[in-house]
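Everything on this sheet refers to the single structure shown next.
Letters go in sequence order (proteins before strands), and every chain restarts at 1.
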Amino acid sequence: AQKITQTQPGMFVQEKEAVTLDCTYDTSDQSYGLFWYKQPSSGEMIFLIYQGSYDEQNATEGRYSLNFQKARKSANLVISASQLGDSAMYFCAMRELNAGNNRKLIWGLGTSLAVNP
Amino acid sequence: NAGVTQTPKFQVLKTGQSMTLQCAQDMNHEYMSWYRQDPGMGLRLIHYSVGAGITDQGEVPNGYNVSRSTTEDFPLRLLSAAPSQTSVYFCASKRGGITDTQYFGPGTRLTVL
């Protein structure tokens, strides 16, 4: 069965340092997409970055990059030069791409990141 | 372009009351969905719709109804609220492509006493 595991309930990082948030996934499909979302204390869900299973390059979006290791089934989010505004919950999610256009996202339980000044 | 909007932001109900959570998007997205978010359980899909007139159940549909009469609107109805429905509810939409990103509304925090 499809599953997303985020093993770090909480993380601390010093401002301006880089931090890696772990995400491992389980799927039997060859085609899938991986997403990271940020949820600040205000509650909204903000899309950060997407990685397709067939993408050869690791996805990057500004200070966010995805360390995609397909053989290990991991899709860790790397935030470089952390800022105070990065303090939030971070969710990893997966969608299997062969199962039809309406296939739901499978979500991890999230990692709470606190950036210290 | 307001994106995905949800009303109300906060609501308190008594057990047995009914109410409708409103969701609208102005991006002409085909796909819309409702999630609930509970501590320790992540986001769980309640219902979703792949277009006007088409809805289907997600993981936790019991106690909720939806309809999709227009592309823009996707209301979620609680027919008889229960304390177990205390949660934060998110509406989301996406264009319809498999790799498309979902855009979320700001959420509705519902408490059922």
Side-chain angles (χ1 to χ4, degrees), chain A residues 1-10 23 25 27 29-55 59 61 64 66 75 88-112, chain B residues 2-6 8-10 23 25 27 29-51 53-61 66 68 74 87-110:
Chain A
Q2 320 94 313
K3 188 178 177 182
I4 293 282
T5 303
Q6 295 180 252
T7 57
Q8 307 151 312
C23 172
Y25 58 91
T27 178
D29 273 21
Q30 296 301 309
S31 296
Y32 49 89
L34 296 154
F35 301 79
W36 276 93
Y37 282 84
K38 171 184 178 182
Q39 186 177 39
S41 58
S42 51
E44 72 268 31
M45 296 287 283
I46 303 166
F47 166 73
L48 295 177
I49 197 166
Y50 169 81
Q51 178 86 42
S53 58
Y54 288 116
D55 293 341
E61 287 287 346
Y64 304 108
L66 206 149
M89 282 289 289
Y90 290 81
F91 291 93
C92 180
M94 176 180 69
R95 177 183 295 132
E96 292 173 340
L97 305 184
N98 286 331
N101 193 26
N102 57 1
R103 192 65 173 175
K104 64 178 183 285
L105 281 173
I106 309 297
W107 293 84
L109 295 183
T111 295
S112 176
Chain B
V4 181
T5 57
Q6 288 183 239
K9 289 192 175 179
F10 301 94
C23 174
Q25 52 91 10
M27 298 175 281
H29 285 174
E30 295 177 15
Y31 185 97
M32 296 185 74
S33 53
W34 276 101
Y35 291 90
R36 59 178 289 175
Q37 184 180 29
D38 302 290
M41 302 193 76
L43 280 92
R44 292 181 293 168
L45 183 66
I46 305 171
H47 286 285
Y48 65 94
S49 168
V50 299
I54 306 169
T55 63
D56 206 346
Q57 296 180 348
E59 299 173 71
V60 287
V66 292
R68 184 95 180 271
F74 190 43
S87 186
V88 180
Y89 291 85
F90 287 97
C91 179
S93 75
K94 70 180 182 77
R95 273 201 305 265
I98 291 172
T99 61
D100 284 348
T101 303
Q102 284 199 355
Y103 294 91
F104 284 79
T108 295
R109 186 173 294 275
L110 175 68

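Side-chain contact between A/R95 and B/Q102 is present, with heavy atoms from C-beta onward closer than 4.5 Å.
Taking the six-membered ring for Trp, A/W107 and B/F90 have ring centres at least 6.0 Å apart.
Here B/S33 pairs with nothing under the side-chain hydrogen bond (donor to acceptor under 3.5 Å, both in side chains) rule; sequence neighbours left out. Qualifying salt bridge (charged side-chain N to carboxylate O under 4.0 Å, His left out) partners for B/R109, counting only residues two or more places apart in sequence or in other chains: none.
Nearest heavy-atom pair, A/F35 versus B/T101, reported as atom, atom and distance to 0.1 Å: CE2-CA, 4.1 Å.
Note that the CD atom of A/Q39 and the CD atom of B/Q37 stand 4.0 Å from one another [nearest 0.5 Å]. To the nearest 0.5 angstrom, B/L43 atom CG is 11.5 Å from A/I106 atom CD1.
For a residue to count as touching a neighbouring chain, one of its non-hydrogen atoms must lie under 4.5 Å from one of that chain's; by this rule B/Q6 does not touch chain A. Interface residue B/L45: only side-chain heavy atoms are found under 4.5 Å from chain A. Contact of A/Q51 with chain B is not made at all, since no heavy-atom distance falls under 4.5 Å.
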